[in-house]
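Before we start, here is the structure in question, set down as structure tokens.
Remember, it's 1-based here, ligands and their atoms both numbered in the order they're listed.
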Amino acid sequence: MKGWCGVKFDIPAGARQVLQALTAAGHEAYLVGGCVRDLLRGVEPHDWDICTSALPEETERYFAGQRIIETGLKHGTVTVLVDGEPYEITTYRTEGPYSDSRRPDYVRFVPDLTEDLARRDFTMNAIATDLDGNLRDPFGGAMDIKAGLIRCVGEPDQRFQEDGLRVMRALRFAAVFGYEIEAQTARAVHENRAMLDRVAAERINVELRKLLVGESVGDILRQYPDVFCLFWPQLGPLVTLEQHNPWHCWGGWEHTIHAVEAAPADVTLRLATLLHDIGKPACKSTDENGIDHFYGHPAVSAKLADEMLRALKFDNKTRERVVLLVERHDVQIPPKGQVIRRWLNRLGPEAFSQLLEVKRADNMGQAPEKVRNRLAELDVINSKAEQILAEGQCFTLKDLTVNGRDVIAAGIEPGPKVGQVLSELLEQVLSRNVPNERSALLKLLSCKSTKSPK
Ligand code: ATP
Ligand code: MG
């Protein structure tokens with residue numbers, strides 16, 4: 001089927017079926033919002049929202065034979081499952097303000113599609129299409145998509161004041177799509193950023209996660225630090241931090257941005273790089289040669305990161321891992337097998353690999369001629385770690401060829417001493433003083449048990 005500018009829209013059979021059922025019953029029905037935007041961008045939509053002139057009760061009646069989820073009914077949304085896929089069908093509506101919840105405080109059903117499109121946030125999200133690819137696009141969204149522009153529907157100040165989350169949505173779409181925010185909308189983002197104060201932390205969290213893994217995250221951090229400082233005021237001193245230090249060719253914020261850009265597109269890694277130097281301003285000292293130092297900043301950064309992630313209601317797993325990575329980001333790791341085995345033991349393979357990623361990103365944000373050797377060293381550490389894992393080398397207690405029973409059999413009394421002896425054996429193996437072979441370890445054990453009193 002021909003769509004916009006000859007684009008062939010690939011619409012799933014389920015969505016097609018829903019639209020046909022509603023139009024056959026004499027109602028209007030369109031695909032709308034994110035899915036139309038993504039079709040026009042040439043990206044496969046991840047869900048298919050439908051809007052219709054039918055009232056929710058009518059919609060329910062037409063799909064009486066199908067499985068229906070009624071959770072959004074109050075707001076005019078009926079979710080129909082077709083072949084196991086959910087389709088949200090929403091009656092044309094306008095809406096009241098969003099106080100801080102995910103949904104507007106109240107909605108009013110309207111007969112006209114244009115009124116429904118007018119309540120949507122950005123022109124690119126306010127386009128509807130029928131099954132033949134005929135667009136209903138009263139606000140010029142298709143042109144804005146072509147130009148790569150994010151523009152409010154209607155008066156930007158008013159739109160951000162109705163729902164402060166739109167400030168974050170604008171930044172998120174810009175970061176993910178690499179679009180520009182149109183000048184008036186951009187001005188209104190800055191001017192209305194304080195509206196974010198009224199938005200639930202959980203809603204900001206959802207947008208921030210998506211924003212951070214966007215390919216243009218760096219540009220957004222660069223252009224809108226004031227917005228980020230609104231929900232994370234702890235960023236303020238980093239944004240203005242100067243660092244006179246031979247390792248650094250940028251101030252604190254630009255260094256951080258380069259590091260974030262260099263980190264893989266993963267929420268944990270991007271958060272860790274964003275926050276790794278957050279404690280630097282509090283730790284700054286300047287020596288007699290005018291060189292700045294930031295002694296002890298990783299621990300201060302970790303404490304602040306913990307506080308910031310709690311404030312935005314990040315889950316414990318993400319928060320704990322980010323804090324660990326921030327705390328360790330500056331450790332020196334000599335590229336030697338025994339050191340790497342110790343780190344693998346301390347952090348586990350996943351966190352250790354993430355630590356190497358954060359260190360690499362941090363280095364990528366520093367003076368290039370200074371860090372060449374450090375980057376090469378990180379490569380060596382990485383390949384040695386991979387080799388240790390691939391060869392199944394011993395780096396944890398459970399990898400040892402002897403266990404607690406062997407220790408007891410060798411004459412050590414059951415209790416805490418057993419664990420202690422095993423740790424000592426592991427230490428010997430990690431240092432390569434003794435191979436991880438059962439006979440060698442049993443021999444060592446028998447020496448220990450004769451030496452140590454029961
Ligand atoms: P995504 O690709 O992340 O799903 P989306 O634009 O589809 O992006 P949804 O949250 O699924 O985002 O919202 C669906 C549609 O509802 C949007 O395209 C937009 O038209 C409208 N919308 C969503 N949130 C808001 C909001 N806060 N203010 C105004 N309109 C909104
Ligand atoms: Mg969507």
Where ligand 1 meets Phe173 - atom numbers and elements under 4.0 angstrom, heavy-atom basis
6 (O), 8 (O)
Check contact between Arg37 and ligand 1, using heavy atoms of the residue and a distance below 4.0 angstrom.
yes
Does any N or O atom in Gly34 lie less than 3.5 angstrom from one in ligand 1, N or O only?
yes
Between Arg166 and Asp121 (salt bridge meaning N to carboxylate O under 4.0 Å), is one present in this structure?
no
Regarding atom 31 (C) of ligand 1: of the candidates Thr123, Asp121, Val199, which has the closest heavy atom?
Asp121
Ligand 1 and Asn125, any nitrogen or oxygen pair closer than 3.5 angstrom?
yes
State whether the number of non-hydrogen atoms from other residues, nucleotides or ligands found under 6.0 Å of Arg108 atom CZ is greater than 12.
no
Kindly say whether His75 contributes a backbone atom to a donor-acceptor pair with the side chain of Arg93 at under 3.5 angstrom?
yes
For ligand 1, indicate whether the residue Arg119 contacts it via side chain, backbone, both or neither (heavy-atom separation under 4.0 Å).
backbone
Does His297 have its ring centroid less than 6.0 Å away from the ring centroid of His329?
yes
Are His276 and His255 an aromatic pair by the rule of ring centers under 6.0 Å?
yes
Looking at Arg159, Glu207, Arg120, the heavy atom closest to atom 21 (C) of ligand 1 belongs to Arg120
Distance-only criterion, 3.5 Å: show the donor-acceptor pairs between side-chain atoms of residues 56-67 and protein atoms not counting sequence neighbours.
residue : atom : partner : partner atom : Å
Glu58   : OE1  : Leu55   : N            : 2.7
Thr59   : OG1  : Leu55   : O            : 3.3
Tyr62   : OH   : His27   : NE2          : 3.0

What part of Arg172 sits under 4.0 Å from ligand 1 if we count only heavy atoms: the side chain, the backbone, both or neither?
side chain
Under 4.0 Å from any heavy atom of Lys210, which atoms of ligand 1 are there?
3 (O)
Does Asp163 have a non-hydrogen atom less than 4.0 Å from ligand 1?
yes
Honestly, is Lys284 close enough over Phe294, meaning NZ or CZ under 6.0 Å from the six-membered ring centre and within 45° of the axis?
no
Heavy-atom proximity to atom 11 (O) of ligand 1, best of Ile127, Asp49, Val36, Val32:
Asp49
Could you list the atoms of ligand 1 found under 4.0 angstrom from a heavy atom of Gly33?
18 (O)
Is it true that Arg203 and Glu207 have a side-chain N and a carboxylate O under 4.0 angstrom from each other?
no
Check whether any heavy atom of His46 sits under 4.0 Å from an atom of ligand 1.
yes
N-O pairing of Arg222 and Glu254 below 4.0 Å:
yes
